Amino acid sequence: MRFLGTGAAEGIPSPFCDCEACRYAREKGGKEIRHRTMFRLDKETCIDMGADFFQQALEYGDFVPIRRVFFTHTHEDHLAYMLMNVRNMARLRRPEPLELYLPGKGFEIAQFYRENPAICKGLVPRLEEQGMIAFRKMEYFKPFYAGQYRLLPLPGNHFGNMGENSANFLIRNQKGQQLYYGLDTGWYLDETFAALEWETASEGLDILVSECTFGLTEGRGEHPAGHLDAYSCIRLFRELLKRRIITPDTRIYLTHINHYTVGHSALQSWFDQQEFPCKITVCWDGFSFDW
C-alpha cells in the first residue's frame, strides 16, 4: 500500500504560488513536495487517479496491472478524465477494461463524458464499446466486492462536481482487517458515524487514513465541513476513540495536505505533542505500509 500523492488540489508547491510554504517546498524538496492525492491499495487497485497520474506512474511504478479505480468524487484533482484516452493510446495493455467506480450522483459524470465532444476528443462511447474502460456505480451504505476486498462506500462531508457526496471507503481485506479511507471530508456525517460504529463494533479499525487538508490553519470551527485541519482532526479522532471506532492500536495516516499550513516536520511534531494513544503519521509521497 503506497501513497502516490499526498497533496490537495493545488499540490505543494502550488505552481502559481509564492507563499512561504511553497517557497520552502521548492528549497527543501523531499517530503515537502506533494503531488495530487492518489493511493494504491495493491498492484491492481487504486483510489483516485488525478492530475498527476503520469508523473506518479514514472516515480512509483507503471499502471499496466491496474484493473480498477475507486474514485472518492469527481473533482479534477481526484479524477483526471484524460486517463481514459491515455489507456486507449497504449500499444499493449491488459485485455479487460479499466473499471472506473463512481459514487452516487457522481456516476452521472459518465453520461456527461459520453455526450461532450470536448472530453477525450469525443471518444468515450467508443472507448466503452471497445472495452478500454467500464463505468461502475457505487451506492452509499451498500457493500460490494472487488478483487480481494469488501468495500463499503460511506458519504463524506464534501461535494463533487456533480453535487455528489464524496465516497469514503471502509475496506476489509481477506484477513478480516479493516481500513477506513476518509477523504475528502470535513467532520463526519451522523449516518457515517453510525455505520462505522456498526461495522467496527467487534474490534475497531486497524488503519485509519484521514485527510488533514488545512494542517495548522486556525479558526475553521469545531466541526468544519468540506475539509479537516489538524485541530478538527484531533477532535474527530477523540470522537472515533470514544465511539470505539478506533482503538489505541489503530494506526492513523494523514494525507491530502495543502499549502495553507506548515512544513511536513512541523506538522508531524505538532501531532507528536498531542496526548493521543494512537500512532499518527503525517505521510509523504511514496510512503508505504503493510496491512
Side-chain angles (χ1 to χ4, degrees), residues 3-39 47-53 55-56 71-80 156-161 165-168 181-189 208-240 252-274 276 280-287:
F3 291 89
L4 306 192
T6 56
E10 62 277 85
I12 302 179
S14 179
F16 299 104
C17 186
D18 195 36
C19 74
E20 182 179 357
C22 290
R23 289 198 305 271
Y24 180 74
R26 291 186 184 104
E27 294 167 3
K28 186 77 172 176
K31 295 179 181 178
E32 305 301 332
I33 304 297
R34 298 187 184 277
H35 291 83
R36 268 65 71 92
T37 300
M38 183 175 174
F39 182 69
I47 300 177
D48 290 333
M49 190 177 288
D52 296 320
F53 73 91
Q55 184 65 28
Q56 289 161 324
F71 290 102
T72 53
H73 59 306
T74 55
H75 283 159
E76 292 82 0
D77 56 316
H78 296 258
L79 169 54
N157 190 357
H158 183 94
F159 296 97
N161 287 330
N165 283 88
S166 59
N168 291 174
Y181 191 85
L183 64 150
D184 293 21
T185 185
W187 189 264
Y188 291 2
L189 302 173
L208 171 63
V209 176
S210 175
E211 71 146 85
C212 187
T213 303
F214 281 90
L216 294 177
T217 302
E218 299 181 348
R220 300 188 64 254
E222 294 283 311
H223 300 157
H227 287 297
L228 297 167
D229 49 71
Y231 310 103
S232 52
C233 271
I234 280 293
R235 285 191 288 271
L236 175 64
F237 300 159
R238 296 192 191 284
E239 182 68 20
L240 294 174
I252 299 177
Y253 298 108
L254 302 182
T255 184
H256 201 273
I257 296 164
N258 69 19
H259 61 156
Y260 293 86
T261 186
V262 297
H264 177 273
S265 59
L267 186 57
Q268 181 65 68
S269 179
W270 186 88
F271 278 102
D272 291 342
Q273 294 170 22
Q274 307 309 303
F276 195 73
I280 300 174
T281 301
V282 179
C283 297
W284 57 91
D285 290 12
F287 178 85

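The chain is numbered in sequence order, starting from 1. Only a predicted model underlies this, so the values are computations on that prediction, with no experimental measurement involved.
Inter-residue side-chain proximity for Ser210 and Phe237 is flagged as met; some heavy-atom pair is nearer than 4.5 Å. Between His35 and Thr6 the shortest side-chain heavy-atom distance does not fall below 4.5 Å. Side-chain contact between Glu239 and Trp187 is present, with heavy atoms from C-beta onward closer than 4.5 Å.
With sequence neighbours left out, Trp270 forms a ring-ring contact (aromatic ring centres under 6.0 Å, His included) with Tyr231. The salt bridge (Lys or Arg N to Asp or Glu O under 4.0 Å) check on Arg36 picks up Asp52, with sequence neighbours excluded.
Formation of a donor-acceptor pair under 3.5 Å by the Arg235 side chain with backbone atoms of Glu222 is found in this model. The main-chain N or O of His264 is found under 3.5 Å from a side-chain atom of Glu32 such that the two form a donor-acceptor pair. When atom types are taken as modelled, the side chain of Asn168 and the backbone of Leu183 share a donor-acceptor pair closer than 3.5 angstrom. Remark: side-chain polar atoms of Asp77 are not paired, donor with acceptor, to backbone N or O of Ala8 under 3.5 angstrom.
Under 3.5 Å, the side chains of His227 and Thr213 contain a donor-acceptor pair of N or O atoms.
Side-chain rings of Tyr253 and Phe287 approach one another, their centers coming within less than 6.0 Å. Here the two rings, on His256 and His78, have centers that are under 6.0 Å apart.
Rounding to the nearest 0.5 angstrom, the gap separating the CG atom in Leu228 from the NE2 atom in His158 is 11.0 Å. How far OG of Ser14 is from CZ of Arg34: 14.0 Å, rounded to the nearest 0.5 Å.
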